[in-house]
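Here the structure comes first, spelled out in structure tokens, and everything after it is commentary.
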There are 2 protein chains.
Amino acid sequence: MLEDKNIHKTSLEQIGEFGLIDILTQGFPLRNPSSLKGIGDDGAVIDFAHEKAVISTDLLIEGVHFNLSYMPLKHLGYKAVMVNLSDIYAMNAIATQITVSIAVSNRFPLEALEELYEGIRLACDIYKVDLVGGDTTSSLRGLIISVTSIGKAPLEKIVYRNGAKENDLIVVSGDLGSAYMGLQVLERENEVFKVNPNLQPDLEPYQYLIERQLKPEARKDIVLLLEKLGVKPTSMMDISDGLSSELLHICKQSQVGCRLMEEKIPLDPVLINACEEFNLSSTMVALSGGEDYELLFTISQADYDKIKGNPNLSVIGYITDASQGCNLITRANEAIPLEARGWNAFR
Amino acid sequence: MLEDKNIHKTSLEQIGEFGLIDILTQGFPLRNPSSLKGIGDDGAVIDFAHEKAVISTDLLIEGVHFNLSYMPLKHLGYKAVMVNLSDIYAMNAIATQITVSIAVSNRFPLEALEELYEGIRLACDIYKVDLVGGDTTSSLRGLIISVTSIGKAPLEKIVYRNGAKENDLIVVSGDLGSAYMGLQVLERENEVFKVNPNLQPDLEPYQYLIERQLKPEARKDIVLLLEKLGVKPTSMMDISDGLSSELLHICKQSQVGCRLMEEKIPLDPVLINACEEFNLSSTMVALSGGEDYELLFTISQADYDKIKGNPNLSVIGYITDASQGCNLITRANEAIPLEARGWNAFR
């Protein structure tokens with residue numbers, strides 16, 4: 001990706017750490033009144049007033065979490081922020097600040113990092129969060145990004161993973177599995193490219209899947225929608241590892257069981273086509289493919305009328321007593337125990 | 001370090017990411033009433049009540065920031081927390097929470113990470129901070145640690161870097177340069193060890209220096225002391241890159257100059273001896289050696305009587321008008337412009 005471009009390259013050695021910080025953090029105004037002090041001191045200062053603070057952090061490693069041969073740096077910057085904001089929204093809170101730390105090897109010129117920060121800046125603009133701090137250092141190999149996001153909410157609005165109750169409905173936003181299939185498409189094309197760099201793949205039919213992989217959006221809109229609808233979920237989390245694994249987390253922490261209806265899992269038609277082409281079960285992809293960053297939550301049955309028919313939300317099952325276990329109810333009406341087949345960093 | 005020990009090793013693959021998190025985060029009770037929700041959800045929840053939140057973050061990379069051939073993992077865990085808490089104290093705030101993210105390659109067995117977390121736990125115990133979150137993932141190479149620390153202070157107590165005024169006194173806690181010389185000693189012994197692993201070096205004379213390098217303490221005690229003395233610094237930061245570089249930061253951000261008196265810089269006798277042995281100028285080591293994590297601050301002259309004679313604090317110079325520049329006044333009474341020769345990650 002980097003090597004393809006015939007642009008001017010400025011070495012990081014030339015500008016030094018403080019010069020780099022100055023350049024990269026240009027164009028990050030503080031928008032939130034709660035951001036009392038941003039970059040430039042030992043710490044940032046934040047005023048949460050009468051609200052509670054919500055904090056989450058993620059570490060992204062080149063070669064483990066992303067591959068720069070098909071991940072443009074601007075998208076990577078955007079996605080690194082999305083992944084993190086998603087955790088704040090999953091608490092039913094609103095993200096207000098982030099810190100971004102990066103470690104880079106010398107192979108990255110300044111221009112590459114500016115591209116990365118362009119994506120970070122775009123994310124801050126759209127989601128109205130302030131970059132208030134970070135660390136910039138060198139790595140022996142590859143790019144490392146650590147993002148911490150900070151949000152706020154009144155205590156009574158915050159939703160944990162452990163509040164699901166028997167008979168609650170299981171709801172998911174958007175559709176599932178597409179980010180995973182986007183990755184499959186990109187990896188296939190990357191293999192083809194390695195064999196013959198002159199082949200120009202036609203990625204048009206897979207555009208939706210690729211966008212879901214390269215430029216996911218955190219569902220701030222769902223948090224706002226739920227507030228507007230007057231619905232407070234009983235439990236909530238974001239789907240980063242796959243529906244199956246996340247639903248098991250909710251059930252374990254809430255000490256309940258669940259029945260997940262296969263036929264209700266929202267799938268995009270593009271995903272269904274790609275699964276056929278790749279000879280994969282679309283249900284399996286939706287259950288175990290990660291990185292959708294949709295919100296998975298449970299609501300009381302009394303709230304059903306408030307969300308009914310909303311195109312952003314799908315009811316995909318219901319919560320049972322713990323003794324009934326966690327099951328997928330297939331189209332053939334068979335109950336299969338749910339398994340956590342999500343991403344495991346150490347496998 | 002790791003390879004020397006004949007201990008049972010459990011592969012991370014065996015226990016998986018969630019198993020690892022469960023094991024590592026045992027024994028981290030929440031002590032601060034402000035920690036409403038710690039590990040185990042999408043985010044931690046913190047109640048800052050009427051106080052402001054202070055946030056800081058650092059990224060530590062094996063081979064760049066630490067060398068495991070002479071840095072025991074327990075010390076590394078402790079130091080990683082200290083480095084970060086130091087930034088919170090440098091804001092005149094009290095640290096209350098941390099998040100710790102780690103990325104490790106497969107060469108680390110569980111037992112190594114448990115050692116690391118033992119140091120983190122010790123730091124949390126002594127400094128009364130709560131571990132409330134983090135991320136655990138794999139790396140292609142080496143160990144990566146990202147710590148975010150969170151603290152609190154009433155707005156009127158927070159001290160920035162930009163408040164130094166003409167005629168203010170420049171004060172530093174503890175003594176300087178020892179952490180840097182500790183590193184020199186360790187690196188020399190490491191070279192000797194590579195040549196002949198059977199040589200047992202006598203590190204006894206350098207114990208103070210090595211301890212300053214391997215097990216630094218963040219100066220929470222100074223923040224408490226200043227409060228007790230009724231002194232609010234006009235500016236403050238911690239010394240991570242070296243006195244010279246940090247003092248220049250304060251002067252630049254405060255738009256002032258300074259006169260730093262060479263004879264007043266606090267040096268430990270062990271440091272002076274080691275500098276002679278290594279043929280290094282102890283003043284240069286104090287000015288440019290980093291990692292002391294002492295606090296550098298300025299106070300109004302009116303506060304001088306309150307700190308006078310305190311063994312933890314040394315007045316090392318005073319603030320001037322910006323037009324006079326930033327100078328070191330040598331023992332020979334010469335004025336030499338201060339230069340930032342601190343650590344640059346990209347050199």
Side-chain angles (χ1 to χ4, degrees), chain A residues 12-13 15-17 20 36-37 40-48 52-59 61-65 87-88 90-91 93 97 99 101-103 106 132-142 144 146 148 150-151 155 158 160-162 236-238 253 344-347, chain B residues 12-13 15-17 20 36-37 40-48 52-59 61-65 87-88 90-91 93 97 99 101-103 106 132-142 144 146 148 150-151 155 158 160-162 236-238 253 344-347:
Chain A
L12 297 183
E13 207 175 312
I15 43 175
E17 183 177 350
L20 177 62
L36 301 186
K37 178 87 181 183
D41 218 293
D42 295 284
V45 181
I46 303 171
D47 181 4
F48 291 100
K52 304 307 167 211
V54 179
I55 311 250
S56 183
T57 191
D58 273 308
L59 191 54
I61 314 282
E62 183 180 348
V64 177
H65 299 93
D87 284 319
I88 302 295
M91 302 292 287
Q97 287 89 12
T99 66
S101 298
I102 55 167
N106 282 334
V132 295
D135 193 8
T136 311
T137 188
S138 60
S139 76
L140 293 183
R141 180 169 153 187
I144 296 153
S146 172
T148 297
I150 300 142
L155 185 59
I158 293 174
Y160 297 108
R161 295 178 178 175
N162 64 7
M236 183 153 64
M237 68 184 295
D238 72 325
Q253 293 203 25
N344 180 333
F346 299 107
R347 251 169 231 157
Chain B
L12 297 183
E13 206 175 316
I15 44 176
E17 183 177 351
L20 177 61
L36 301 186
K37 177 86 181 185
D41 217 292
D42 295 283
V45 181
I46 303 172
D47 181 4
F48 291 99
K52 305 307 168 209
V54 178
I55 312 251
S56 183
T57 190
D58 273 308
L59 191 54
I61 314 281
E62 183 180 348
V64 177
H65 299 94
D87 283 319
I88 301 296
M91 302 292 286
Q97 287 88 13
T99 66
S101 298
I102 56 167
N106 282 334
V132 295
D135 193 9
T136 310
T137 186
S138 62
S139 76
L140 293 183
R141 179 170 153 188
I144 296 153
S146 174
T148 296
I150 300 141
L155 186 58
I158 293 174
Y160 297 109
R161 296 177 178 176
N162 64 5
M236 182 152 67
M237 69 185 294
D238 71 325
Q253 293 203 24
N344 180 333
F346 298 107
R347 252 169 232 160

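Naming convention: chains lettered A, B, ... in sequence-line order (proteins, then strands); numbering from 1 in each chain. These numbers come from a predicted model, not from an experiment.
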Heavy-atom pairs under 4.5 Å with chain A, option from [options] with the top count:
| options | value |
| --- | --- |
| B:Lys52, B:Arg161, B:Met236 | B:Arg161 |
| B:Leu155, B:Val132, B:Thr148, B:Asn162 | B:Thr148 |
| B:Ala44, B:Gly134, B:Gly63 | B:Ala44 |
| B:Ile88, B:Val45, B:Leu36 | B:Val45 |

Side chain, backbone, both or neither: which part of [X] has a heavy atom under 4.5 Å from chain A?
| X | value |
| --- | --- |
| B:Ile46 | both |
| B:Glu62 | backbone |
| B:Ser101 | both |

For residues A:Asp135 and B:Thr57, report the shortest heavy-atom separation together with the two atoms involved.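 Nearest heavy atoms, A:Asp135 then B:Thr57: CB-O, 3.8 Å.
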Nearest atoms (heavy-atom pairs only) where A:Ala103 meets B:Ile61: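 In this case the closest contact between A:Ala103 and B:Ile61 is CB-CD1, 3.5 Å.
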Spatial distance of atom OG (A:Ser138) from atom NE2 (B:His65) [nearest 0.5 Å]: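 If we round to the nearest 0.5 Å, A:Ser138:OG and B:His65:NE2 are 6.5 Å apart.
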Rounded to the nearest 0.5 Å, how far does OG of B:Ser146 lie from CD1 of A:Ile144?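 Interatomic distance, A:Ile144 CD1 to B:Ser146 OG, rounded to 0.5 Å: 10.0 Å.
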In terms of heavy-atom pairs under 4.5 Å, which option from A:Ile158, A:Asp58, A:Val54, A:Leu59 contacts chain B the most?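 Among A:Ile158, A:Asp58, A:Val54, A:Leu59, the one with the most close pairs to chain B is A:Leu59.
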Under a 4.5 Å cutoff for heavy-atom pairs, which residue among A:Ala90, A:Gly133, A:Gly142 has the most contacts with chain B?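 Highest number of pairs under 4.5 Å: A:Ala90.
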Under 3.5 Å: donor-acceptor pair, side chain of A:Asp42, backbone of B:Met91: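 Not at all, since once roles are kept as given, no pair shorter than 3.5 Å links the two residues.
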Check whether any side-chain N or O of B:Asp41 sits under 3.5 Å from a backbone N or O of A:Tyr160 as a donor-acceptor pair, and report yes or no.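 No; judged by distance alone, with no hydrogens or angles, the pair does not exist.
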Test of understanding: with side chain to side chain donor-acceptor pair (under 3.5 Å), list the residues that count as partners of B:Ser56, not counting sequence neighbours.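 Per chain and number, B:Ser56 pairs via side chain to side chain donor-acceptor pair (under 3.5 Å) with B:Asp87.
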Report yes if the side chains of A:Ile55 and B:Ile150 come closer than 4.5 Å at any heavy-atom pair, otherwise no.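 Heavy-atom side-chain distance check passes, below 4.5 Å.
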